[in-house]
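Report on one structure; see the data block that follows.
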There are 2 protein chains.
Amino acid sequence: MVTIKDIAARLQVSPSTVGRALADDPRISAATKQKVTQVADEMGYVANLAARMMRGVSSNLVGLVLPDIRNGFYATIAHALSKCLQSAGYQLALSETDDDRMVELQSVRELASANVAGIIIVPTAKPHRETVRLLKLSPHVQLLRKHAAIGDQWFGIDDTLAIFEATSHLVQLGHRRIGYIGGTDDLPTGSARLKGYHKALAGVASGEPALVQLGAPSEVDFGANATRRLLSLPKPPTAIVAGSVQMTQGILEELLAQGVRAPDDLSVVGFGDELGFRWWGPGLTTVGLPVHDLATACGLWFVHHVRQNSATASPYTSISPATLIVRGSTRKPGPPTKTSVRASLRGATA
Amino acid sequence: MVTIKDIAARLQVSPSTVGRALADDPRISAATKQKVTQVADEMGYVANLAARMMRGVSSNLVGLVLPDIRNGFYATIAHALSKCLQSAGYQLALSETDDDRMVELQSVRELASANVAGIIIVPTAKPHRETVRLLKLSPHVQLLRKHAAIGDQWFGIDDTLAIFEATSHLVQLGHRRIGYIGGTDDLPTGSARLKGYHKALAGVASGEPALVQLGAPSEVDFGANATRRLLSLPKPPTAIVAGSVQMTQGILEELLAQGVRAPDDLSVVGFGDELGFRWWGPGLTTVGLPVHDLATACGLWFVHHVRQNSATASPYTSISPATLIVRGSTRKPGPPTKTSVRASLRGATA
DNA sequence: TTGAAAGCGCTAACAT
DNA sequence: ATGTTAGCGCTTTCAA
């Protein structure tokens, strides 16, 4: 391995001169720089990253901490960020937490000890105090979920608006008994979404507690079970709104298993637009999330931020809107008509 | 950041004692080790990788190089590997190549200069020579795709068998004009799958060239276009077999757009079992791939291999079988019957 | 069984 | 414009 010393010896100069020349320090003469770079090239010199990192310079690694990469949602984020960071010369280090705060802590510890340039995190419900402390040591930004303790750098979507639009759509179609299956409100996203549901219902329908089913947002099974509970209610809802991607999956599975047909027997609005949602029944009406754009924006901002190397983290918040994608799984409540069936089929292939 | 010195100061011992205790050096008494590890845990000590790397030890980073994480297929792999490596104390560095050999080279270069413990790679069709050279410098293993130049460490699925089973299933149902839409045969997986198709057809039907459509395996659009071409043939096929996940997506989209109904108008067998494939029409009959198990096996083997730190890379090959998942999108060719329609609906919810 | 001390390759404060 | 020197945190001799 060729070191800075080898080059120095060969040129009869001091190691620091070589180091500075290579770093393009203004105090070094052009002639010397010229000679140094040439010899370095000739000898096949490659800077030792480890040594450089020991001197406090952070690596070109950016940690991405999220619950589960198998969620198409997060995969899109990872992809967009990867592209973004790659073109800026950074590498992505992936850590999955499974929404477990201790795993999260462990991951953040490892990243911190690897001297990462920064951390992009989708935090768990209640991050460990140590996690928060460690995050503050390097540039960081929260994605989707925002935890006050972690900081004011956040890129997210307007969760309240998203579910508000989904629910309003159903209200406008004439639905009054609308079920909501979503994440518990200990997660900021969960409570924001629930708020959107209640807001849309305000003044239109009484919020019947039994119609609201809250569970761990990443549990597909909960979505299925909650659907079963809603359907077996004395007065079942005429429509269901999903409050997370996995819940949506559970709901769709359960409806299929029970032979419940949308939109004839029940209207359904999903959350997120995963692969296959448009294939479900007559096409799933769902809340489209601008994940790709969100992640790209986050990546760009982050690179800029890291480059500044400013310890002074100025607060920054970006809220992207979600948009309702209307397909065939929603229509006005009541028995089906020929035209409505045909319309919903068209929706599926649109 | 907590260092070895901090622990030493707290315990009133020398830094070297702490270092040795942490390294489980036989010369340190059990009692000391006990105390050291406990305090280390308490203080949240994490070894500084940079410093360790300077001493010649490679990092705890394992590079994962693959085409596109958005492919559910690769997301599953990343997840399984992440779990596996995490529990062994390794971190995953994710690099996406988009099947571009120059991007691949760039990624591998970065990983190599970061002193990664090893690299797990799904290689592009024709990796750069430099890529191959760099890979040989650290422990590495190929996943899914196998390139002879890169080496004999490979975990993959039996691609030939996978498509053979898919095609045979159709042949047994009575199909004779079977279309195949898959990846070009410059990729080892592509040619193996094509081989499976031809093998299943041997002696049963003449392999009509127009029925075989080959393109870049990751292009959804190619799948859609190829489907259009097959359907507009003078004598269109009665069934189609997909040879990649994205092709499957394209095919499904196109059939939906054209209003072609499976299995009445056409039988379809997909590749992989992505979210939503079971929701498509009467449920997609498809080739299920043991991706999770494959990745886990690969991860375990890799960790073991890296731990051995053996420069002597003994050849190792693992071939996992794929299994056909029969749902509603396939049946015998010809006009529909009442019973067959009912049967296919049952298949969808099974 | 433990401590002291010498570096690994690089950077940066301090001297020329 | 360049040289000297002192570490960064860890491992690893060499001493005790």
Side-chain angles (χ1 to χ4, degrees), chain A residues 1-41 43-61 109-117 134 137-138 309 311, chain B residues 1-40 43-61 89 112-115 117 309:
Chain A
M1 186 51 50
V2 182
T3 79
I4 225 171
K5 277 186 187 164
D6 299 325
I7 302 177
R10 169 98 166 258
L11 282 169
Q12 307 270 46
V13 293
S14 83
S16 31
T17 303
V18 175
R20 284 196 270 254
L22 257 20
D24 203 28
D25 191 298
R27 293 172 300 180
I28 299 296
S29 75
T32 312
K33 278 181 190 168
Q34 164 70 24
K35 263 185 283 180
V36 168
T37 46
Q38 192 195 319
V39 171
D41 240 41
M43 301 178 75
Y45 169 80
V46 186
N48 184 323
L49 248 163
R52 189 170 270 174
M53 272 166 61
M54 273 211 26
R55 295 294 317 162
V57 181
S58 57
S59 73
N60 70 334
L61 220 58
R109 270 199 179 135
E110 294 229 328
L111 292 174
S113 90
N115 234 314
V116 289
L134 286 170
L137 295 180
S138 51
N309 202 15
Chain B
M1 190 84 329
V2 183
T3 79
I4 224 170
K5 275 185 187 165
D6 299 324
I7 302 176
R10 168 98 166 258
L11 282 169
Q12 308 270 47
V13 295
S14 83
S16 28
T17 302
V18 176
R20 283 196 271 253
L22 258 20
D24 203 29
D25 190 299
R27 291 172 302 178
I28 300 295
S29 72
T32 314
K33 278 181 191 169
Q34 164 71 24
K35 263 185 283 180
V36 168
T37 46
Q38 192 195 319
V39 171
M43 301 178 73
Y45 168 80
V46 186
N48 184 319
L49 271 165
R52 189 169 269 177
M53 272 165 62
M54 273 211 21
R55 303 292 312 174
V57 183
S58 61
S59 78
N60 73 333
L61 221 58
S113 92
N115 233 313
N309 202 14

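Letters go in sequence order (proteins before strands), and every chain restarts at 1.
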statement: Which of dG3(D), dA4(C), dC10(D) is nearest the side chain of Ile4(B)? It is dC10(D)

statement: Rounding to 0.5 Å, atoms CZ (Arg27(A)) and CZ (Arg20(A)) come to a distance of 4.5 Å

- prompt: Hey, is the side chain of Tyr45(B) poking within less than 4.0 Å of OP1 or OP2 on dG9(D), counting only N and O atoms?
  reply: no

- line: Atom CG of Asp6(A) and atom C1' of dC8(C) are separated, to the nearest Å, by 13 Å

task: Grab the CG-C1' distance between Asp25(B) and dT11(D) for me, whole Å please.
output: 11 Å

- request: Among the candidates dC10(C), dG3(D), dC10(D), find the nucleotide nearest to the side-chain atoms of Thr3(A).
  value: dC10(C)

message: In whole Å, I'd like the distance from the CE atom of Met53(A) to the P atom of dG9(D).
response: 12 Å

message: What I want to check is whether an N or O donor and acceptor connect the side chain of Arg52(B) with the base of dG9(D) at under 3.5 Å.
response: no

- prompt: To the nearest Å, how far apart are Ile7(B) CD1 and dG3(C) C1'?
  reply: 17 Å

- request: For Met43(A) and dG9(C), give me the distance from atom CE to atom P, rounded to whole Å.
  value: 13 Å

- line: Result for 5'-nearest mapping on DNA chain C, choosing between Ser29(B) and Ala51(B), is Ser29(B)

task: Establish, with yes or no, whether the OP1 or OP2 oxygen of dT2(C) is under 4.0 angstrom from a side-chain nitrogen or oxygen of Thr17(B).
output: no

- prompt: Taking atom types as they are modelled, is there a donor-acceptor pair under 3.5 Å from the base of dT13(D) to the side chain of Arg27(B)?
  reply: no

query: From Leu22(A) CG over to Ile28(A) CD1, what is the distance, rounded to the nearest 0.5 angstrom?
result: 10.5 Å

field: Asn115(A) side, atom CG; Met53(A) side, atom CE - distance, nearest 0.5 Å
entry: 4.5 Å

statement: When rounded to whole Å, the NZ to P distance for the pair Lys35(A) and dA1(D) reads 14 Å

field: Nucleotide nearest Arg55(A) (side chain, heavy atoms from C-beta), chosen from dG9(D), dA4(C), dC8(D)
entry: dC8(D)

- prompt: If every non-hydrogen atom of Thr3(A) is compared with every non-hydrogen atom of Asp6(A), which pair is closest and at what distance?
  reply: N-OD2, 2.8 Å

query: Nearest to the side chain of Arg20(A) - dA13(C), dC10(D), dC10(C)?
result: dA13(C)

- prompt: Out of dG9(D), dG3(D), dT4(D), which has the shortest distance to the side chain of Ser16(A)?
  reply: dT4(D)

message: Rounded to whole Å, how long is the line connecting atom NZ of Lys5(B) with atom P of dG3(C)?
response: 15 Å

- line: CG (Leu49(B)) and CZ (Arg52(B)) are apart, to the nearest 0.5 Å, by 6.5 Å

query: Taking atom C1' of dG9(C) as reference, at what distance in whole Å does atom CE of Met54(B) sit?
result: 5 Å

